[in-house]
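First up is the structure itself, then whatever we jot down about it.
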4 protein chains.
Amino acid sequence: MIWGNRIRLTVFGESHGPAIGAVLEGLPAGETVDLEKVALQMARRAPGRDSSSTPRKEADAPKILSGLLDGRTTGAPLCAVIENTNTRSGDYENLRDVPRPGHADYTAHFRYGGFNDVRGGGHFSGRLTAPLVFAGAVCRQILRQRGIAVGAHVLSVHGVSDTPFDPTDLPVSLLDDLASRYFPTVDPQAEAAMRGEIERARQKLDSVGGLVECAVCGLPAGAGGPLTDGAESLFSSILFGIPACKGVEFGAGFSAADLFGSENNDPFLFDKDGAVRTETNHAGGILGGITTGMPLVFRAAFKPTPSIGTPQRSVNLKSGAAEELAVKGRHDPCIVPRAVPVVEAAAALAAMNLL
Amino acid sequence: MIWGNRIRLTVFGESHGPAIGAVLEGLPAGETVDLEKVALQMARRAPGRDSSSTPRKEADAPKILSGLLDGRTTGAPLCAVIENTNTRSGDYENLRDVPRPGHADYTAHFRYGGFNDVRGGGHFSGRLTAPLVFAGAVCRQILRQRGIAVGAHVLSVHGVSDTPFDPTDLPVSLLDDLASRYFPTVDPQAEAAMRGEIERARQKLDSVGGLVECAVCGLPAGAGGPLTDGAESLFSSILFGIPACKGVEFGAGFSAADLFGSENNDPFLFDKDGAVRTETNHAGGILGGITTGMPLVFRAAFKPTPSIGTPQRSVNLKSGAAEELAVKGRHDPCIVPRAVPVVEAAAALAAMNLL
Amino acid sequence: MIWGNRIRLTVFGESHGPAIGAVLEGLPAGETVDLEKVALQMARRAPGRDSSSTPRKEADAPKILSGLLDGRTTGAPLCAVIENTNTRSGDYENLRDVPRPGHADYTAHFRYGGFNDVRGGGHFSGRLTAPLVFAGAVCRQILRQRGIAVGAHVLSVHGVSDTPFDPTDLPVSLLDDLASRYFPTVDPQAEAAMRGEIERARQKLDSVGGLVECAVCGLPAGAGGPLTDGAESLFSSILFGIPACKGVEFGAGFSAADLFGSENNDPFLFDKDGAVRTETNHAGGILGGITTGMPLVFRAAFKPTPSIGTPQRSVNLKSGAAEELAVKGRHDPCIVPRAVPVVEAAAALAAMNLL
Amino acid sequence: MIWGNRIRLTVFGESHGPAIGAVLEGLPAGETVDLEKVALQMARRAPGRDSSSTPRKEADAPKILSGLLDGRTTGAPLCAVIENTNTRSGDYENLRDVPRPGHADYTAHFRYGGFNDVRGGGHFSGRLTAPLVFAGAVCRQILRQRGIAVGAHVLSVHGVSDTPFDPTDLPVSLLDDLASRYFPTVDPQAEAAMRGEIERARQKLDSVGGLVECAVCGLPAGAGGPLTDGAESLFSSILFGIPACKGVEFGAGFSAADLFGSENNDPFLFDKDGAVRTETNHAGGILGGITTGMPLVFRAAFKPTPSIGTPQRSVNLKSGAAEELAVKGRHDPCIVPRAVPVVEAAAALAAMNLL
């Protein structure tokens, strides 16, 4: 994948190959990058933290190959490589013949004529989101220097919901707090209930999906453009690049379909400092593809992890027979908490391309 | 806007300027284009048909400037221009100072330093979807030669719903029927109920939004790619380019967030002809960004038309005072029926880029 | 063709179709565009001026369809269309079977499976440089507001040479003077000698080629980038898009191959105002793909017009027999003078993409 | 740098950073890649072979991180990394203040605000051509499977010339022979004379430039496109990305400017097998930007190595004083022989984008 216009991201690697990585082009030179802050974001995405995720443990320590010198960007392409250390390729031998439901095994087979690396999902593995988080972690530091903050939370897991963002009032302190946590929710009790839901799925050898809600605050009014040059096209094009993402909505999103115009339109007003803002923010901070200056708010829907221990029906492409399949190996009963930093990273990359 | 990779679309024009248009590059040469079929799609999008839409009447007759000779594509860029004939610019004088809620007036002002053409919404007008429909109408004819059909329906208007598609069983005849109608619904009674809802909004000087569901059938398995090269990124990037679109989901989409993996995964099976298909189609025909060969199904959410006769609160950017605003002029109480051919066009353009 | 990154140009049209044109995207809003100055550049490129060019007369009056309001750019795509009025399609009937040497007839036939528009060269006609000149004429006005001037001259025609530019001392007044003339040379006597050479070719029913030398002055130091992001890649990619251009060199160019490093390196020095400049300018204003602040100077080589009245050997693709062919119609014995404004336009477009 | 459309190349790295590398996207899956053949091409570019180049020795062994499994491309991005092992950063301390004439020190300083990595030229080092050669070496193997061969020779060094290619008769065996040699010339005696010229420059602490001539044989007729989509734009955009390249010409190139049309046009004829070819090949295998099926032939001009031991005049940007500078370190008195495999690599990458 190569994505972006002003800031361009190249992502490479296969789950059980030597390494995965990212090249980030077009960054301004002289920007300070704190690698410890990058490492925190990498850790939020990494597996193995607790029973809500896979017990695989991966260090995911990015090695910077270029573009950073003495803690500052040089303006040259920034490349980071993450070695694949904890791989058990034996788990995946059967995939060429019997594709796992809900995975890319079947479709990649046709796309690449059977030459794709199937081990661990190869280039389609969720592991490929690690370089995305790396790149996003760099971008969010640069954004922060310009007064722009990114944060997200688990809005729901299998029907258990967190308190939604108030899109007209999103303190940076809230976003910062969320962006430092492993299972970020606005309501602390939501986390417990969601963890319970995930644990039940795990015990049933099943999995659950959920929603991530994300906000970008501090964007100036006037960024973006009309039609496909708009902020929604930009953000959605990278959000749908996150494996398992099947829906994206901005502001009121799908629920806007049920509103009257008089309800959905956000009235303009002057705040007490004389600045223009909107009273509500059904637009999610975007009108005509261009930022309003209000928080840019969106939600992304993630399907349940397709890898489940429960037996599933599939086909044997070689023998031509129906076959039953139970996915072995170590998998997340719910990837939504780990998807939060990935969504934030995607948002940071998109926001950098807006500026 | 310039959009696309294999097939590239340039759209230009402002609502009250001399003309709008499109340039379509990368089309194969020698493809037959039936301009009457193109005109039908243009007519489906055009305003003025009945009380569910604006009484403005526009011919929207595309004039082909290049790329087509004796009814066949020449391989050179295909350019069509649509003149703006029925414009009443007087209606829009006040917009520079008092931005309309829900419109791009405010954001475009900042983006273009006040130099944008505000008449009729300028380059942000829904009218700019006419060239999109033109381009899509050309693409859908080429797709059809390859056995690929596109069709959509109004899935809901302000909470009144049509029967959803069965994503495992979508006869081409259904898609063809929908793609020839002005208010396409699967259930004929849904149309009547929706029209009633729209008429109520119109009488209240208000507007309503809704959902469009679209399917692309006949795509081969193996089209698309991983991460941001995936079909979801491709389709969403053009769908969100349609004015008023605020949400996009594929297959089970947002509802997948509430399912178990064992429910959401689509089992593979051999059909009676020995071909592989999936029993369900929660994936919406896409796994790992690549087509499965099942119908590609998605939904797009459209907000209510922001132009409403009901008075709204806004600000006067010049005087610094709060101001009330009632949008005059001729507007759609609901753009969803007219959005259907636009969504189909976007889908056809995206599908061409998948091949 | 779609070209460019920051400023993107789409060119469409076929020589004997209804019209040709250009869409220019990404221009800053609020820039003044003087259409009379644009018309002057169009006139410099237009045929029919005197016996050094084809007697075809074309008005080449661009009609602006969008992106310009009250003489200023709106920030929306700027589209201009030029009608094809003076076409005699009968002249070209035989081309499908017997390709003209030196033309794209043969290659386009394979590229487009015989469906390309062959009339007047179709999309491969030199006429397609008219939209390029339009776009460049807009850009050069914007550049001029930023203190950047573009000018070029006929450096040679069939071995008859003009005085080359002094790349260390290029007054804007010289560039302005050249950029307003139809047969621009630094040395007035060169024009007369070159016209003689062209007239001799015309009388022999033959044609001649030549070189154009162009300079962009006023570019700041630090524009461009490394490797393929460099100014040379940018400029050459559009210059080689001009039909008949077969060579491009920057600064000392090919002659640098014969120099010692100690001769070719340009010593840095402080001028009397304390500004850094180079004593010589063999680099043509570009080091490492990035501008030095010295004049950016390059040369483009144009082959002789392939259309000649002299009989040539070709093949009949239908009959399989060798055939003799004399190109009828009205053609330029030398396109180099008319290529000067095209080269300037390309340079202006490239320079806009550098900023 | 990110370059290309169908096949996209990302190059990263700085001369004295941890590593340099390349990511190649869009390769077909299932292609065999022989890493020993890749290593041969890397070796041809690597320094330290003999006195005609720098005595620095670099292993330049590419480590494949992704995209290759069991000797075949997987279809995922192919990433290779080359470690920087033999670096002496102390040599370059002074460059921030006193820019070397002919180098990017001065221009990169402005481009990156002084934050660029100056050690060894950083991202502007000729060392960045190593990943280019890697990528080209992969592409040339894939091209060869399709009957397409690439080869180049040193056409001249400081005025000493080799026998030029006959562009109508280029046996694959000649290209293969050239593509395996370290100082490839058609005429063996030319090599000796050129080496003498280089040795004289070396002893004078000076450097010399030269020309590389390259051919791509076996391309089918009909590849490429009009205007900036043409083969010349494609090839030149990557060729000018090679550091020190200051001129590119196709076929007769600059010398076409001195020819009559009747001389320059290539007559079409049927060969003894009934295939169409041209008697001469002044077009260099390209008409209207599209391949003719004849050998695609071009020349690239390289300036003399800017690093010379001879004292040169420069400025001290910090002190504001004129200063004399003699470049220390280990440098090539002539980079042209090492540029040959780089030019071939660029040609292979461009040819892959034509198919």
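Note that this is a predicted model, so its numbers are computed, not measured.
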With a 4.5 angstrom heavy-atom cut-off, could you sort out which part of [X] is near chain A: side chain, backbone, both or neither?
{"X": "T292(B)", "result": "both"}
{"X": "V11(B)", "result": "side chain"}
{"X": "P99(B)", "result": "both"}
{"X": "S314(B)", "result": "both"}
{"X": "N316(B)", "result": "backbone"}
{"X": "A321(B)", "result": "backbone"}
{"X": "L239(B)", "result": "neither"}
{"X": "H109(B)", "result": "neither"}
{"X": "D206(B)", "result": "side chain"}
{"X": "A322(B)", "result": "backbone"}
{"X": "P306(B)", "result": "both"}
{"X": "F235(B)", "result": "neither"}

Most chain B-contacting option - heavy-atom pairs closer than 4.5 Å, from A257(A), G241(A), A301(A): A257(A)
Sort out for me which of M1(A), H123(A), K204(A), H158(A) touches chain B most, counting heavy-atom pairs under 4.5 Å. H158(A)
Atom pair CD/CD1 of E232(B) and I242(A) - distance to nearest 0.5 Å: 11.5 Å
Separation between CZ of F260(A) and CD of E197(B), rounded to the nearest 0.5 Å: 6.0 Å
Using non-hydrogen atoms only, which part of [X] is less than 4.5 Å away from chain B: side chain, backbone, both, or neither?
{"X": "I308(A)", "value": "side chain"}
{"X": "I286(A)", "value": "both"}
{"X": "T305(A)", "value": "backbone"}

Do S237(B) and L234(A) come close enough that some side-chain heavy atom pair is under 4.5 Å? no
Are any of the side-chain heavy atoms of I290(A) and F124(B) separated by less than 4.5 Å? yes
Side chain T107(B), main chain L287(A), donor-acceptor under 3.5 Å: yes
Is R111(B) reaching over with its side chain to a backbone N or O of G225(A), donor-acceptor style, under 3.5 angstrom? no
Select, from I238(B), L259(B), V208(B), the one with the greatest count of heavy-atom pairs under 4.5 Å involving chain A. L259(B)
F302(B): which residues meet the ring-ring contact (aromatic ring centres under 6.0 Å, His included) condition with it, sequence neighbours left out? none
Check step by step if side-chain contact (heavy atoms from CB on, under 4.5 Å) holds for H103(B) and N265(A). CA-CA 9 Å; H103(B) 272 284; N265(A) 283 352; over 6 Å; no
Can you list every salt bridge (Lys or Arg N to Asp or Glu O under 4.0 Å) pair that touches residues 304-318 of chain A, not counting sequence neighbours? D97(A)-K318(A), R313(A)-E279(B)
In terms of ring plane angle, is the pair F268(B) and Y106(A) parallel, tilted or perpendicular, where the classes change at 30° and 60°? tilted
